[in-house]
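As structure tokens, the structure follows; a few thoughts come after it.
Sequence lines set the chain letters: A, B, ... in the order given, protein chains first and strands last, and positions in each chain run from 1. Predicted, not measured: the structure shown is a model, and the values here were computed from it. Computation of the quantities below employed the complete heavy-atom set of this structure, encompassing side-chain atoms and omitting hydrogens, waters and symmetry-equivalent molecules.
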Amino acid sequence: MGVPVVDYCERRGLQRRRYQHAGAVSGTDRDRKEDQAWQEEITTIMSDKQDKNQQQAEPQLPLDEIIKNRREKIAVLRSEGINPYPYRYERSHTISEVRDGFEALMQSETVVRLAGRMMLQRLMGKAAFADIHDLGGRMQIYVKINNVGEEQFALFNKMDLGDIIGVEGTLFVTRTGEKTVQVHKFELLSKSLHPLPDKHAGLVDKETRYRRRYADLIVHPEIRQTFIQRSRIIRSIREFLSERGFIEVETPILQPLYGGAAARPFVTHHNTLDIDLYLRIADELYLKRLIVGGFDKVWEYCKDFRNEGMDRLHNPEFSMIELYWAYADYNDIMSLFQDLLRKTVFDLHGSYKITYEDHEVDFEPAFRQMSMVDAVKEATGIDLMPLSFEDARAEAKTKGVEGDGLINWGKVVEAMFEQFVEPTLVQPTVIKDFPLDISPLAKIHRDNPRLTERFELYIAGLETGNAFSELNDPDDQRARFEAQVEAGRAGDAEAHQLDEDYVRALSYGMPPTGGLGFGIDRLVMLLTNSHSIRDVILFPQMRPEE
RNA sequence: GGGGGUGUAGCUCAGUGGUAGAGCAUCUGCCUUUUAAGCAGGUGGUCGAAGGUUCGAUCCCUUCCACCCUCACCA
């Protein structure tokens with residue numbers, strides 16, 4: 001602890017002479033003020049040091065050195081009466097507005113006021129160039145001692161990369177043709193303490209990028225584009241559903257029973273009620289209660305939570321849209337979904353074609369439709385429809401599909417489908433008529449009691465939606481739940497619970513209803529050509545640092 | 001859970017059984033149309049963590065941690 005005191009004070013002495021040489025300030029009054037500021041700052045830094053020393057013995061890491069230097073600059077600024085964190089700045093334009101109207105603004109010698117983060121700096125003694133960035137782009141600024149005066153110029157030389165500044169000036173074009181702001185006045189709007197990643201290479205380490213998304217966004221403006229597109233996608237969907245008369249609602253995230261999907265939940269606890277609650281895994285059962293209650297068309301943009309594995313397609317919390325439409329069946333939902341996706345794609349890209357990884361996907365033609373059993377038959381030559389569970393399981397085994405999970409006919413069909421069909425579905429394809437065994441909330445198929453009226457949409461090998469003619473027979477629903485409970489007892493951790501209140505709701509009478517759920521993250525992945533769900537979620541789940 | 005990979009300066013990366021380097025950033029000096037500005041000089045490291053082998057480990061071995069890819073499981 002003794003060493004830093006001496007060391008620090010000596011450094012301060014050097015620092016102080018340096019600033020005086022810079023010529024920005026002189027006179028004994030100013031000196032006294034600065035002395036006072038330094039005293040205060042030393043006190044602050046010393047107590048910071050004490051704090052740090054209590055946490056770790058290492059006193060002086062390189063990063064600390066940089067941050068310390070910047071704190072010293074802040075202290076000097078304050079001693080000169082400059083607030084390093086002022087309250088607001090009146091911008092006249094954004095950078096992209098200036099770029100778009102550059103010629104006219106330059107001709108008319110309009111004074112513009114821009115603000116942004118300083119990302120590059122080229123200091124040349126009595127003049128300086130710098131690049132500032134805002135959401136819409138980059139603008140070069142030119143600060144010349146003749147234009148801003150000695151004091152401002154000295155101040156500008158003390159700015160660091162990463163500082164947020166505001167500049168006022170007119171426009172010109174340099175001899176190398178770069179559009180530039182001739183700065184007459186500038187202000188520090190927020191001092192940056194932490195150095196930016198490499199100005200050229202950027203931030204490469206994926207872990208750091210996800211953990212410090214703010215830094216990722218600063219140095220990779222193109223990443224922002226993905227999230228702007230995400231916002232547009234949701235806006236298109238919202239517009240579409242609104243035009244079709246769907247009402248946006250909100251249902252509980254904290255639920256005493258979870259349901260609506262096959263997944264393991266997160267558990268939490270409410271102190272006052274002294275009960276465990278589950279974070280919802282789906283909205284389905286609440287939204288259908290609203291259909292019972294007389295809403296004809298409802299939807300929700302929802303965060304769901306599933307306590308399962310994480311990989312490029314799964315984050316523990318993720319976003320879905322679920323919608324329910326009274327007096328409609330799954331065929332109606334199919335065409336609704338198709339229209340919705342086509343509008344969304346077109347709004348985003350101005351075309352119905354997208355590229356995802358190696359695939360070009362075209363949303364313009366009507367989506368191909370196949371029943372799940374037919375799809376398996378086409379891919380493998382095996383028709384599972386007429387087979388018993390045992391025979392189907394034996395057939396599957398000949399294709400190398402086996403496992404403890406194949407506990408009924410439906411599971412066999414599903415496994416065969418996933419193995420041989422799912423990866424091949426590049427163009428938007430509706431797979432319909434799922435086995436009853438694996439669809440506890442869907443209505444039995446009007447032509448085949450072994451199947452349900454359920455479909456999923458596949459695009460580029462990804463499942464992007466799940467829909468059914470909703471089961472509205474309360475007795476059937478109770479029986480399905482009971483089967484699920486039985487499966488749960490047998491060890492299926494993702495089996496449904498029996499939701500008595502939901503069955504009671506159905507017993508009041510729910511109109512025939514079509515419902516749909518689709519994952520927003522995966523849709524955004526598709527439409528922004530992102531490989532991992534972590535690239536479309538701003539703050540993906542990570543194990544905490546340290 | 002299996003397999004593969006990565007972890008060295010704030011960032012991007014080299015590298016070696018004899019306790020470490022580059023570029024950028026940072027600091028100092030010079031520089032009034034530069035643009036990854038330039039030139040000159042400096043500071044900065046528990047080489048992811050803990051054990052082991054060795055006279056000596058950042059390097060070899062073991063275990064652990066984090067992340068990435070992939071397969072499996074799972075929507």
Non-neighbouring partners of [X] that pass salt bridge (Lys or Arg N to Asp or Glu O under 4.0 Å), sequence neighbours left out:
X: A/Arg393; answer: none
X: A/Glu322; answer: none
X: A/Arg522; answer: none
X: A/Asp205; answer: none

A/Ser371: side chain to side chain donor-acceptor pair (under 3.5 Å) partners, not counting sequence neighbours: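 A/Ser371 satisfies side chain to side chain donor-acceptor pair (under 3.5 Å) with A/Asp374 only.
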A/Gln484: side chain to side chain donor-acceptor pair (under 3.5 Å) partners, not counting sequence neighbours: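 Listed in chain order: nothing, the list is empty.
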Whole-angstrom distance between B/rC68 and B/rC13, as gauged at atom P: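 Here B/rC68 and B/rC13 have their P atoms 16 Å from each other.
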Residues forming a ring pair (Phe, Tyr, Trp, His ring centres under 6.0 Å) with A/Phe337, sequence neighbours excluded: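 If we apply the ring pair (Phe, Tyr, Trp, His ring centres under 6.0 Å) test to A/Phe337, skipping adjacent residues, the hits are A/Phe518.
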Under the ring pair (Phe, Tyr, Trp, His ring centres under 6.0 Å) test, residues paired with A/Phe367 that sit two or more places apart: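 In terms of ring pair (Phe, Tyr, Trp, His ring centres under 6.0 Å), with neighbours along the sequence ignored, A/Phe367 is linked to no residue.
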Pairs where residues 409-428 of chain A contributes a residue and the test ring pair (Phe, Tyr, Trp, His ring centres under 6.0 Å) is met, not counting sequence neighbours: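 Matches after skipping sequence neighbours: A/Phe417-A/Tyr458.
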Distance-only donor-acceptor test (3.5 Å): side chain [X], base [N]:
X: A/Gln140; N: B/rU34; answer: yes
X: A/Arg122; N: B/rU34; answer: yes
X: A/Asn69; N: B/rU26; answer: no

N-O pairing of A/Arg211 and A/Asp216 below 4.0 Å: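 No, A/Arg211 and A/Asp216 are not salt-bridged.
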Touch class at under 4.0 angstrom, heavy-atom based, for A/Ile145 against every strand present: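 Touches a base.
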All stems with RNA chain B, defined as three or more consecutive Watson-Crick or G-U pairs under 3.5 Å: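 Consecutive-pair runs (3 or more) involving RNA chain B: B:1-7 with B:65-71, B:10-13 with B:21-24, B:26-30 with B:38-42, B:48-52 with B:60-64.
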RNA chain B contacts among residues 123-133 of chain A, heavy-atom distance under 4.0 Å: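 Only A/Leu123, A/Met124, A/Gly125, A/Lys126, A/Ala127, A/Phe129 qualify.
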Nucleotide of B/rU26, B/rC27, B/rA36 approaching A/Leu161 most closely (side-chain heavy atoms):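 The nucleotide sitting nearest to the side chain is B/rU26.
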B/S/- contact track for nucleotides 63-72 of chain B, protein heavy atom under 4.0 Å: ---SSS-S--
